[in-house]
S.K.: 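This is the structure I want to talk about, given as structure tokens.
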Amino acid sequence: MKNIKLIYFIILLSLTLLWLLADPILFSSYKFFPLRKSMLSYTGIMAIAVMSIGMILAIRPVIIEPMLSGLDKTYRLHKWLGVTGLIFSVLHYLWAMVPKWLVGWGLMAKPARHRSNEETNTLLLFFKEQHGLAESIGEWAFYALILFIVLALVKWFPYRYFFKTHRFIAVIYLFLVFHSIILMKVDYWDEGIAWLTALLMIGGTVAAFLSLLRKIGVSRRSVGNIENINYHSDNRVLGLSINLENSWSGHQAGQFAFVTFDKAEGPHPFTISSAWKNDARIEFLIKGLGDYTKTLPSILKVGDKVEIEGPYGQFDFSNGKPRQIWVAGGIGITPFIARIEALAAKKTDKQTSKCIDLFYCTNEPDESFINALKNSSEVAGVKLHVLVANKDGLLNTDQICDQIPDWQDSTIWFCGPKEFGKKLRAGFLKKGLINDDFHQELFDMR
């Protein structure tokens, strides 16, 4: 989390500094209309630049994921940039429209226009002739942008509609690229900010077309058939075993994939619950938490076709300390099941295995599920602690530290409800744990 915050602020600061080097605002007399012209340029550049980076991140570039410590962090940065782009777009709109309104209401004098020598250049003259069109396109694209970004942020808006409508942002973005190129301040083309913005817009445009053509992640897609279904009714967890028909690059325990059961619904991210054994089989454990996932036990059947894209994620259990503490909340047990399976398959040395403690917290214990987890944990040499919330209460940092006296020698791996993880992280940091030793996926893709 710290890493993406730093990258986010570096992006904003770098763009601002480059703009300051290109714009004379620091040396101007600060009269209103020259100031307005500069702020229109600044807010416009910031809006299109951060949206361009957001578009590039949306296509799930493999090279960027490790830099941001996982696709979950990539999407979190994508979300922040989208909101930031909207904020700068609103500011840009206000700088453009409010003075016009004030002039129209007679509250502000209209500035005198001066003929520019830009009009003697054929290319610049053509661009100037497109200003009216670019302004109109920008205004209507702005209204549409507000609508679709708000829909993306509102959690009650159904995922299947979000999946379809979010693609319209790519179309809106392309209109905003035209608006930005035509209205870019001519003097900026002698400076780095214009060329950097242009480069980002080229990358964003390519990403937009990949999205519209549904080519995102196409090289990482595989097709399979549901081979086995096992529904745990007590905790409402659906177990699926899928036999892959074509190539799968393999995966590490802790990674996830986008799974499409119904093309109309679109892909949903699910953590892979099996270790990769080069046997063309992959498994998932899916909790019925949303409207769609609740219906899966009743609509899926053996033999159904499934499309899988991945793997993604950096929740890889890399260990820089002598021991690990795993904490799973509810369906957050999934990556740990995959890791346990991988450890058992490798017949991990007992001395190393005893250095792993797994705390599994659940509100809905399923006896067969827990028994299977106990057996596999024993084989892998992982010490299992099962806590049932209505009987044992909610797990906290003090309880973990009491049961593991040498917790300081551990890295913490958490998967579960966001607030639960936030409290545990805060508790461990307060006790002196280094932030980088607490690993948690931000499993929120919108």
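Heavy-atom basis, side chains included; hydrogens, waters and symmetry copies ignored. All residue numbers in this chain count up from 1 along the given sequence.
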S.K.: Run the salt bridge (charged side-chain N to carboxylate O under 4.0 Å, His left out) test against Glu227 and tell me which residues pass, sequence neighbours left out.
M.R.: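 Here the qualifying residues are Arg281.
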S.K.: Locate the shortest heavy-atom distance separating Phe284 from Thr271; write the atom from each residue and the value.
M.R.: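 That closest heavy-atom pairing would be CD2-O, 3.4 Å.
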S.K.: Please identify each residue that fulfils side-chain contact (heavy atoms from CB on, under 4.5 Å) with Thr197, with sequence neighbours left out.
M.R.: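 Thr197 satisfies side-chain contact (heavy atoms from CB on, under 4.5 Å) with Ile45, Ile48, Met184, Ile193, Met201 only.
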S.K.: Does atom NZ (Lys185) have a neighbourhood of more than 12 heavy atoms from anything else shown, all under 6.0 Å?
M.R.: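 Yes, NZ of Lys185 has more than 12 neighbouring heavy atoms, counting only those of other groups under 6.0 Å.
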S.K.: Quick one: list whatever passes side-chain contact (heavy atoms from CB on, under 4.5 Å) with Ser274, sequence neighbours left out.
M.R.: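 Here the qualifying residues are His251, Ile272, Ile282, Glu283, Glu341.
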S.K.: Show every salt bridge (charged side-chain N to carboxylate O under 4.0 Å, His left out) that has at least one partner inside residues 52-65, sequence neighbours left out.
M.R.: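 Of all non-adjacent pairs touching residues 52-65, those that pass salt bridge (charged side-chain N to carboxylate O under 4.0 Å, His left out) are Arg60-Glu309.
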S.K.: Mind checking the OG1-CZ spacing from Thr205 to Phe209? Nearest 0.5 Å is all I need.
M.R.: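 It is 7.0 Å, given to the nearest 0.5 Å.
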S.K.: Under the side-chain contact (heavy atoms from CB on, under 4.5 Å) test against Leu358, which residue among Ile333, Val327, Val386, Ile325 passes?
M.R.: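 Single side-chain contact (heavy atoms from CB on, under 4.5 Å) partner of Leu358 among Ile333, Val327, Val386, Ile325: Ile333.
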S.K.: Please identify each residue that fulfils salt bridge (charged side-chain N to carboxylate O under 4.0 Å, His left out) with Arg167, with sequence neighbours left out.
M.R.: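 Partners of Arg167 under the salt bridge (charged side-chain N to carboxylate O under 4.0 Å, His left out) test: none.
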S.K.: Hey, what's the ring geometry for Tyr292 with His268, parallel, tilted or perpendicular (30° and 60° as the breaks)?
M.R.: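 Aromatic pair Tyr292/His268 classed parallel.
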S.K.: Are Phe261 and Ile286 close enough, and set up right, to give a side chain to side chain contact (heavy atoms under 4.5 Å, CB included), and what steps lead you there?
M.R.: CA-CA 13 Å; Phe261 298 110; Ile286 301 171; 4.0 Å; yes
S.K.: For the CD1 atom of Ile412 and the CZ atom of Arg323, what is their distance to the nearest 0.5 Å?
M.R.: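 Going from the CD1 atom of Ile412 to the CZ atom of Arg323 covers 9.0 Å.
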S.K.: Looking at CD1 of Ile172 and CD1 of Ile149, how far apart are the two atoms once the value is rounded to the nearest 0.5 Å?
M.R.: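 One gets 8.0 Å once the value is rounded to the nearest 0.5 Å.
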S.K.: Please round to the nearest 0.5 Å and tell me the distance separating atom CG of Asp366 and atom OG of Ser368.
M.R.: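 Reported to 0.5 Å precision, the distance equals 4.0 Å.
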S.K.: Does the ring centre of Trp140 sit less than 6.0 Å away from the ring centre of Phe175?
M.R.: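 So the answer is no for these two rings.
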S.K.: Which residues pass the salt bridge (charged side-chain N to carboxylate O under 4.0 Å, His left out) test with Asp304, sequence neighbours left out?
M.R.: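 Scan of Asp304 (salt bridge (charged side-chain N to carboxylate O under 4.0 Å, His left out), adjacent residues dropped) gives Lys301.
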S.K.: According to side-chain contact (heavy atoms from CB on, under 4.5 Å), who are the partners of Phe168, at least two apart in sequence or on a separate chain?
M.R.: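 Checked Phe168 against side-chain contact (heavy atoms from CB on, under 4.5 Å); matches are Phe148, Thr165.
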S.K.: Under the salt bridge (Lys or Arg N to Asp or Glu O under 4.0 Å) rule, what do Glu245 and Lys305 come out as? Steps first, then yes or no, please.
M.R.: CA-CA 10 Å; Glu245 294 180 352; Lys305 290 282 186 183; 2.5 Å; yes
S.K.: Quick check for you: to the nearest 0.5 Å, what is the distance between Ile4 atom CD1 and Met67 atom CE?
M.R.: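 Here the interatomic distance stands at 15.5 Å.
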S.K.: Are the ring centres of Trp413 and Phe317 closer than 6.0 Å?
M.R.: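 Between Phe317 and Trp413, which both carry aromatic rings, the centre distance is below 6.0 Å.
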S.K.: Does Asn375 have any side-chain contact (heavy atoms from CB on, under 4.5 Å) partners at least two apart in sequence or in another chain, and if so, which?
M.R.: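 Testing Asn375 for side-chain contact (heavy atoms from CB on, under 4.5 Å), a comparison that skips the adjacent residues, returns none.
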S.K.: Specify the closest pair of heavy atoms between Lys294 and Leu289, including all atoms of both residues, with the distance to one decimal.
M.R.: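 Taking Lys294 first and Leu289 second, the nearest heavy atoms are CE-O, 3.7 Å.
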S.K.: Return the set of residues passing salt bridge (charged side-chain N to carboxylate O under 4.0 Å, His left out) with Arg220 (not counting sequence neighbours), or none when no residue passes.
M.R.: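 With neighbours one apart ignored, the set is empty.
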S.K.: Please examine the side chains of Phe428 and Cys401, heavy atoms only from C-beta on, and report whether any two atoms are closer than 4.5 Å.
M.R.: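 A side-chain contact exists here, since the closest heavy-atom pair is under 4.5 Å.
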S.K.: What do the steps show when you test Lys287 against Glu364 for salt bridge (Lys or Arg N to Asp or Glu O under 4.0 Å), and what is the final call?
M.R.: CA-CA 11 Å; Lys287 178 88 171 195; Glu364 302 169 309; 2.5 Å; yes
S.K.: Just grab all the side-chain hydrogen bond (donor to acceptor under 3.5 Å, both in side chains) pairs involving residues 86-99, residues at least two apart or on different chains.
M.R.: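 Of all non-adjacent pairs touching residues 86-99, those that pass side-chain hydrogen bond (donor to acceptor under 3.5 Å, both in side chains) are Thr43-His92, Tyr93-Tyr143.
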S.K.: Quick check on the 6.0 Å ring-centre criterion: do Tyr312 and Phe258 meet it?
M.R.: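 Ring centroids of Tyr312 and Phe258 are less than 6.0 Å from each other.
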S.K.: Considering only heavy atoms from C-beta outward, does the side chain of Ile404 approach that of Phe359 to under 4.5 Å?
M.R.: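 They are in side-chain contact.
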S.K.: By the definition side chain to side chain donor-acceptor pair (under 3.5 Å), identify the one residue from Gln324, Lys383, His385 that meets it with Asp357.
M.R.: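 Looking at Gln324, Lys383, His385, the match for Asp357 under the side chain to side chain donor-acceptor pair (under 3.5 Å) is His385.
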S.K.: Is Leu57 close to Leu77 at the side-chain level, that is, under 4.5 Å between some pair of heavy atoms?
M.R.: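 The answer is yes, as the side chains (C-beta and beyond) meet within the 4.5 Å cut-off.
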S.K.: Does the plane of the ring in Trp189 sit parallel, tilted or perpendicular to the ring in Trp195? Use 30° and 60° as the thresholds.
M.R.: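 The rings of Trp189 and Trp195 stand perpendicular, inter-plane angle above 60°.
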S.K.: How close do Tyr360 and Gly330 get, heavy atom to heavy atom, and via which atoms?
M.R.: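 Reported closest heavy-atom pair: CE1-O, 3.5 Å.
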S.K.: Applying ring pair (Phe, Tyr, Trp, His ring centres under 6.0 Å), can you list everything that pairs with Phe438, at least two apart in sequence or on another chain?
M.R.: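 None.
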S.K.: Run the ring pair (Phe, Tyr, Trp, His ring centres under 6.0 Å) test against Phe414 and tell me which residues pass, sequence neighbours left out.
M.R.: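 So Phe414 forms a ring pair (Phe, Tyr, Trp, His ring centres under 6.0 Å) with Phe420.
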S.K.: Say you draw a straight line from NZ of Lys431 to CD of Gln408; how long is it, rounded to the nearest 0.5 Å?
M.R.: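 Rounded to the nearest 0.5 Å, the NZ-CD separation comes out at 9.0 Å.
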